[in-house]
Each structure stands twice: as C-alpha cells, then as structure tokens.
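Note that these values count all heavy atoms, side chains included, but never hydrogens, waters or copies made by symmetry. The sequence lines fix the lettering, A, B, ..., with proteins before strands; numbering per chain opens at 1.
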There are 2 protein chains.
Amino acid sequence: MSRASERAYAKIRAHVLSGSVAAGEQLTEDQLAQITGVSRTPVREAVRRLEDELLLVRSDTKRLFVADWSRDDIEEMFVLRQMLECHAAERAAKRLSRGQIAELEALNRDLTAAVDQTPPDVARFLEANRAFHEAIIDAAHSPRLGQLLARLVEAPVVLRTARTYSQSDLRQSARDHDELVAAFAARDGDWARAVMGSHLRRAFHTFARAVGPANDQGTAEP
Amino acid sequence: MSRASERAYAKIRAHVLSGSVAAGEQLTEDQLAQITGVSRTPVREAVRRLEDELLLVRSDTKRLFVADWSRDDIEEMFVLRQMLECHAAERAAKRLSRGQIAELEALNRDLTAAVDQTPPDVARFLEANRAFHEAIIDAAHSPRLGQLLARLVEAPVVLRTARTYSQSDLRQSARDHDELVAAFAARDGDWARAVMGSHLRRAFHTFARAVGPANDQGTAEP
DNA sequence: CGGATAGGTTTTGTATACAATAACGAGGCA
DNA sequence: TGCCTCGTTATTGTATACAAAACCTATCCG
C-alpha cells in the first residue's frame, strides 16, 4: 500500500509488538491516527491488515482490541505451519538452484555466528532465521502457499518462542538448518520434509515447555 | 463489515463471478461505486477483501483488474486445499457429534436428490456441497484452518469445476460424501482423510480433463 | 432494590473534496 | 522516423465532515 497507510501499518504493528499495549486492551482508530500521525482512512486500511494477521481482533460490535492468543491458538498455528512448511521444503528440494542453496548456507553461517556469541544475539538470529525460512518458501514456487504461510508465521509467536530458547536450543536450530541444506543439496524432498517437521515440532515443544502445560486460556477481548 | 461495504462486496463479487466482465479487464473504483450505489470508501474496503480472495488483483502500479487464473494456479489451489481439508476431515472424525453426523447425512441426501434429477440441479448441488464441506471444516474446530481454507475454496474454481461435471461425476461426488459420513460414524480419522483426499484429487482431474493438458497460461492482468 | 430506558458521549462507518501519482498523447528534436 | 519531454487526463490515496451505531450512566418506575 501507499505511503501513509504503509507507515501506519508499520507503526501500529511495532506498537503492538513492543508490548507497550497489553493484550486484550481496546484501541480506537482515533488513538492510532494520532500515534501514527495520519488520518483515520489509512489507519483503517492498516488495521484491516493487522486483523487479517490476527494481531488485532474486533468484538462482535466492531470495537478493536489487541489479540490475546491462548496456548491452544498457538499450537494450532504450529500444526498448520508445520503442514504447509514441510510441503514447501519438499517442493524446494526439487527446485532450489545451486546458487540458492549456497545462499541458504551463507544465511545459516550468519545465524550460527549469532547463536555462538555469548550471550547469543537473538535479534540477529531472528532475522537470519526469518530470511532462511522465507528463502525456502520462495523456492517452493507456490505463491498461494507463501501467502498462507505469511499469516501463520506471526511475529508474536516467533518472538515469544525465541525468547524461551536457551543457547543449546538455538544451536540445535542452526544444526537443523544445516541438515536442511544437506537435504536440499541431495535433492531429497522426503529428507527435507522430515527435517522441517522435527525442526518446527521441536520449536513448539520448546515454547510449550516454557509456557507450561496446556491450560487453555482466553482468546480475544475481555 | 457494515451495511454499505457488505453490499458492495456482495455486488462486486456477483458481478465478477457472473462473467459479465472478462478476466484481465480493468476495473476502477469509480465504476464499482456506481455499480454498487455506494461511495468509494466502502468500495475500497470490499475490493481489499476481493483482492485477498484473489478474485481481483492489482498491477504493480495499483490499477485494479479481474484476476485470470491459469491452470497451474488452480492446480496449486487444489493441492493446498487437499492438504488442509484432509487434515480437517481427520480432526472432524474425532469431534463430530452424533447429531452433526446426522446433519451431514441430511445434507447429502439433499445433494443426492439434486444430482439424481435429469438434468441435475447444479445450483442445488453446489449449495449442498458447500454446506457439507463447511460443516466438516467447522467440526474440525480449528479457526485458523477454516480461515485458510476459506481463501482456497474459491467460487470461480468450484464453479468452473462443477460446470464440467457429468451426471456420473456428480453421483460419484455424492457417493464420496456417503463414504465420508461412514468414516465419521466409525470415528476413523485415517479413513476420512483418505476419502477426502481422493474426493478432491478426482475433482481436480475432472477439471483438468475439461480444460485440457497443462498448458500454463497467464495469471493476472494483460 | 433491580432493572429498564432515555439521552449524552464515544466509536465506527460513509460520503465527498482534494492531493498525489500513473497512464496517455501531442509536439519537438535528433 | 524514433523517441523524449511535458502537459493533460484518469485513477488511486488521504483528510475531513458528517451519519449511524454502540456504549455508558443517571434516572425513573415496579
């Protein structure tokens, strides 16, 4: 979208993700217009995108709230993401060029360097990790698959998960990526699918361990 | 959404699906505002939804066009839909209540009646079919799964596919649904998944046979 | 005291005017 | 002729004013 609505989107998103506004809290379009410095029209456009991404939700009477995801919500997303991203890995194995595989290697060298620092550079890890997964999805050459995954790989989930990672968790992630690259180099779709599956399912369990056992709490607004 | 933008959405959608406007043709917000009888503001909201559903697409410079899906696009959607809807069927098998299974039976009785007419009542078939699949997705109790599938089960694809069905194709569909109900009654998720898989994959091949071999033609605008 | 309700306030929805940008076409120049 | 440039028109983007709907609270009646 164009300039104002794009800025609004980025600002609102950052505002929500920064945690400076509590989950379940109400927002108004006017507030957001003031925060972002544009009028309500582009704010409404930005808000619609964020609703789509489930960062914001509307009550039955159109009031706007910061979404509050339950553990079950997040498990659901991990399950779906695993299903789709395994498919992407399998397709990518057949389609990645030699050069693209080299790029994945480079990305993962960077990721590895970030996690081998003490303390690990989590921001750099997150960025390299995002780029790595994105490259695989792009290589799957399935635009709608990419579109679906975009709304499943949500920043709040990834953030909350990454914050619970120990250094050894991060190192295991890096090793998974190495193995994925090996599977791609061997053009072995089954292998790639399997590695991606365990990679993501382990991520879920790391998250779940940190959050505690399934206790199923509120979605949406108060 | 509220009244005006909802009306706009329905009207524009119907307008596009009616085929009275060719794939690849440009639309302007002003035109649509006139057609729908509301101002550009709700039209823009409706258009954004339709873009999301891929019925409309925007050029790199924000011009609006009626989407033109290639055979490959449609195969991609069938593949993704199969993946997700098989998952839904498996989950539904564990969750459907006895009453819900009875409702599915009723829906399929209606569908069967529609296809057993000569000529078959395709509109009634489509409606019963839609309701049947929707009930399964709802029973899967996975809101995000439902959301993802909503954008994969697109009217233009279903329409184009259904138009190519012979009466025996339609009857086979009805039998598939019967077998799904049997799988649900047996609480057999694997069975349900398998039936759903062949059901959807056959639908794709029926479509592909009618359209001709993979010849890969233009997506999007001219 | 409980609950319905009426009126003022807040919030969202729509129309419209204007601004910015992209497409188009005509005229000039090599 | 080829093709740039610039001005005109078409189209999308944004701000703002107003309309509609939802919320809240004080008040009234049982």
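Distances shown here put a side-chain N or O of A/Arg44 below 4.0 Å from the OP1 or OP2 atom of C/dG13. For the pair A/Thr61 and D/dC23, the criterion of a side-chain N or O lying under 4.0 Å from OP1 or OP2 is met. The side chain of A/Ser39 places an N or O atom within less than 4.0 Å of a non-bridging phosphate oxygen (OP1 or OP2) of D/dA15. Proximity of B/Thr28 to the phosphate of D/dA10: no side-chain N or O atom is located under 4.0 Å from OP1 or OP2.
Taking 4.0 Å as the cut-off between side-chain N and carboxylate O, B/Arg202 and B/Asp169 do not count as a salt-bridged pair. Between B/Glu51 and A/Arg48, no side-chain nitrogen of the basic residue sits less than 4.0 Å from a carboxylate oxygen of the acidic one, so the salt-bridge criterion is not met. Between A/Asp52 and B/Arg151, at least one side-chain nitrogen of the basic residue sits less than 4.0 Å from a carboxylate oxygen of the acidic one, meeting the salt-bridge criterion.
By the 6.0 Å contact criterion, CD on A/Gln26 is enclosed, its count of non-hydrogen atoms from other residues, nucleotides or ligands being greater than 12.
If A/Ala4 and A/Arg63 are placed on DNA chain D by their nearest nucleotide, the residue sitting closer to the 5' end is A/Ala4. Nearest-nucleotide assignment on DNA chain C puts the 5′-proximal partner with A/Glu29, out of B/Thr41 and A/Glu29.
Backbone-only engagement by B/Leu27 is indicated by non-hydrogen atom pairs under 4.0 Å involving sugar-phosphate atoms exclusively.
Rounded to whole Å, the distance from CD on A/Gln26 to C1' on C/dT11 is 8 Å. B/Tyr9 has its OH atom 17 Å from the P atom of C/dG13, to the nearest Å. Distance CD (A/Glu6) to P (D/dT14): 10 Å, rounded to an integer number of Å. Look at CD on A/Glu45: it is 15 Å from C1' on C/dT14, rounded to the nearest Å. In this structure, CZ of B/Arg58 is placed 16 Å from C1' of C/dA23, rounded to the nearest angstrom. Rounded to whole Å, the distance from CD on B/Gln31 to P on D/dT11 is 8 Å. We find that CZ of B/Arg3 is positioned 14 Å from C1' of C/dA15, with the value rounded to whole Å. Distance, A/Arg48 CZ to D/dG13 P: 15 Å, rounded to whole Å.
Listed nucleotides: C/dT12, D/dT12, C/dA15. Nearest to the side chain of A/Leu64: C/dT12. Taking every side-chain heavy atom of B/Asp30 into account, D/dT12 is the closest of D/dT12, C/dA23, C/dA15.
Aromatic ring pairs are classed by plane angle as parallel below 30°, tilted from 30° to 60° and perpendicular above 60°; the pair A/Phe204 and A/Phe78 is tilted.
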